[in-house]
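First listed ligand is number 1; within each ligand, the first listed atom is number 1.
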Amino acid sequence: MSSFRVDLRSDTVTKPSEAMRRAMAEAEVGDDWYDDDPTVNLLQERCAEAVGKEASAFVPTGTMANQIGLRLHFEGPGHLVAAAAGLHVTSVEVMTAAALAGIAYRTIDPGPRGWIDAEQAAQLLEPDEFYDVEVIDLLSVENTVGGAGGRVMPIDELRAVRKVANDAGVPIHLDGARIFNAAATGQNDAAEIAAEVDTVMFCLSKGLGAPIGSVLCGPADMAREARRLKILYGGAWRQAGIVAAAGLIALEEGPKRLHEDHERARHLAEGVAETLPGSVDLEQVETNMVFVDTEAVGMPMLETIERLAALGVGVTHSGGQIRMVTHLDIDDTGVAVALDAWRALASERGR
Ligand SMILES: Cc1ncc(COP(=O)(O)O)c(C=O)c1O
């Protein structure tokens, strides 16, 4: 049990609501290995519909959904997947992809904004005409971009990247773990974003508030192979309707309230920036994440995390900065408690 009064480590820490617990207890279930679970099947239909794709596969984690998505397009070891450095698939999951599918990457540093533009996509996908050795099977993108503080990749830039990939004959997989956070900024809905890619995964277990589960969505003709890979990776989780029942509520209710998390993240960011000038790039705060530069605190990053924990506030780090994520279980009081902790820390250091 987390001892934090306010847990801002991630939007994955939320507890299922009473309605979710009831739905889980009462869920109609079957054996998902045989495609027999009616609640899983309904969730898969609704998820595919929510992002405008024909089919989807419900799996335990975002990592598994990404890995199935990558593997679907990847012809095999010896070929490459192209992507920006610092994405979830090219950092945390880099060993997973190597171990499960023999995937290696061609990466490019996208700079602080976190996503590649058309020019960088063209560079990444440039054919290896001289040596004629490197073959790229897939381009992978992420939206929102977690490593860049949850920023939204603008749709025009995604479209321009899409055109470059199309011209190169390379499909696109989107890690849309937080695609509904991108949609909640009001720029484009999830289906508009997903229309620019071939496959998209999103997590029910992050901002949407489900306890467990992610989905990989794509065209109907990939569904059979996606199911085969789901079984291969150990994701045929039998009476998974129990968790799919919570997923249905998350999909229905979650997207409607994400703007509240974004407003609280902004409030949190502005409060920290006021206490510690120069510590937060407010332009980066577009969704539910706040990154804080600890140089302004005058305390090493890990010590800052420990001090905040001692004050009851859970945070993590990413790319050398403190990361705080707002979510369903953070209310206005939670934000106030977190801001008090930052103020206490700042005054301890004479800031
Ligand atoms: C952008 C992104 N993609 C994928 C994942 C993987 O999801 P999971 O932790 O469910 O495997 C995460 C998890 O934090 C993430 O932030």
Side-chain angles (χ1 to χ4, degrees), residues 7-14 16 47 51 56-71 81 83-97 99-100 103 105 107 110 113-116 140-153 158 172-183 190 193-194 197 199-217 229-230 233-235 237 240 243-244 246-247 250-251 254 258 261 265 284 286-291 314-319 321 323-328:
D7 194 347
L8 294 162
R9 289 172 301 169
S10 176
D11 46 10
T12 55
V13 301
T14 56
C47 286
V51 293
S56 89
F58 179 50
V59 295
T61 64
T63 299
M64 192 185 285
N66 266 339
Q67 293 307 314
I68 295 172
L70 298 175
R71 185 67 188 85
V81 171
L87 303 186
H88 204 272
V89 294
T90 49
S91 57
V92 183
E93 291 178 51
V94 78
M95 300 77 68
T96 321
L100 292 182
I103 290 174
Y105 292 94
T107 58
R113 82 189 155 191
W115 60 82
I116 51 166
S140 193
V141 295
E142 189 176 304
N143 199 8
T144 63
V145 189
R151 289 190 68 188
V152 180
M153 181 178 185
L158 180 58
I172 304 185
H173 170 72
L174 168 63
D175 175 345
R178 297 184 179 84
I179 192 172
F180 288 99
N181 290 90
I193 300 168
V197 301
T199 51
V200 53
M201 94 69 169
F202 69 87
C203 297
L204 293 156
S205 58
K206 295 195 165 67
L208 303 186
I212 302 168
S214 292
V215 281
L216 174 74
C217 308
L229 289 166
K230 172 174 159 172
Y233 290 168
W237 42 343
V243 274
L251 185 69
L258 287 173
D261 296 345
Q284 203 185 37
E286 291 182 21
T287 59
N288 65 338
M289 293 187 189
V290 180
F291 280 19
V315 302
T316 52
H317 62 91
S318 171
Q321 294 186 304
R323 187 188 83 163
M324 300 187 286
V325 188
T326 53
H327 51 73
L328 188 56

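In D175, the part holding a heavy atom less than 4.0 Å from any atom of ligand 1 is the side chain. The side chain of N66, and not its backbone, has at least one atom closer than 4.0 Å to an atom of ligand 1 (non-hydrogen atoms only; side chain from C-beta on).
Residue, atom and distance of the protein heavy atom nearest to atom 15 (C) of ligand 1 are H88 CD2, 3.3 Å. Among protein heavy atoms, the minimum distance from atom 16 (O) of ligand 1 is reached at R178 NH1, 3.0 Å. Scanning the protein for heavy atoms near atom 11 (O) of ligand 1, the closest one is T63 OG1, 2.6 Å. Of the protein's non-hydrogen atoms, G62 N, 3.4 Å is the one closest to atom 8 (P) of ligand 1. Atom 9 (O) of ligand 1 has as its closest protein heavy atom K206 NZ, 3.8 Å.
In this structure, Y233 and T63 have side chains that are not in contact, with every pair of non-hydrogen atoms separated by 4.5 Å or more. Looking at heavy atoms from C-beta onward, L158 lies in side-chain contact with I193 at the 4.5 angstrom threshold. Side-chain contact between L216 and N66 is absent, with no heavy-atom pair separated by less than 4.5 Å.
Nearest residue to atom 1 (C) of ligand 1 from E142, M289, E93, Q67 is E142 (criterion: closest heavy atom).
S140 and H173 share no donor-acceptor pair across their side chains, judged by distance under 3.5 Å alone.
Those atoms of ligand 1 that come under 4.0 Å of a heavy atom in A177, given as number and element, are 1 (C), 2 (C), 3 (N). Less than 4.0 angstrom separates some heavy atom of T61 from each of these atoms of ligand 1: 10 (O), 11 (O).
A donor-acceptor pair under 3.5 Å links the side-chain atoms of H327 to the main chain of D7, judged by distance alone. The backbone N or O of R151 sits nowhere less than 3.5 Å from a side-chain atom of Q284 that would complete a donor-acceptor pair. No donor-acceptor pair closer than 3.5 Å links the side chain of R9 to the backbone N or O of M324.
Looking at residues two or more places apart in sequence or on another chain, you find a ring pair (Phe, Tyr, Trp, His ring centres under 6.0 Å) between F58 and W237.
Using a 4.0 angstrom heavy-atom cutoff, M64 does not count as in contact with ligand 1.
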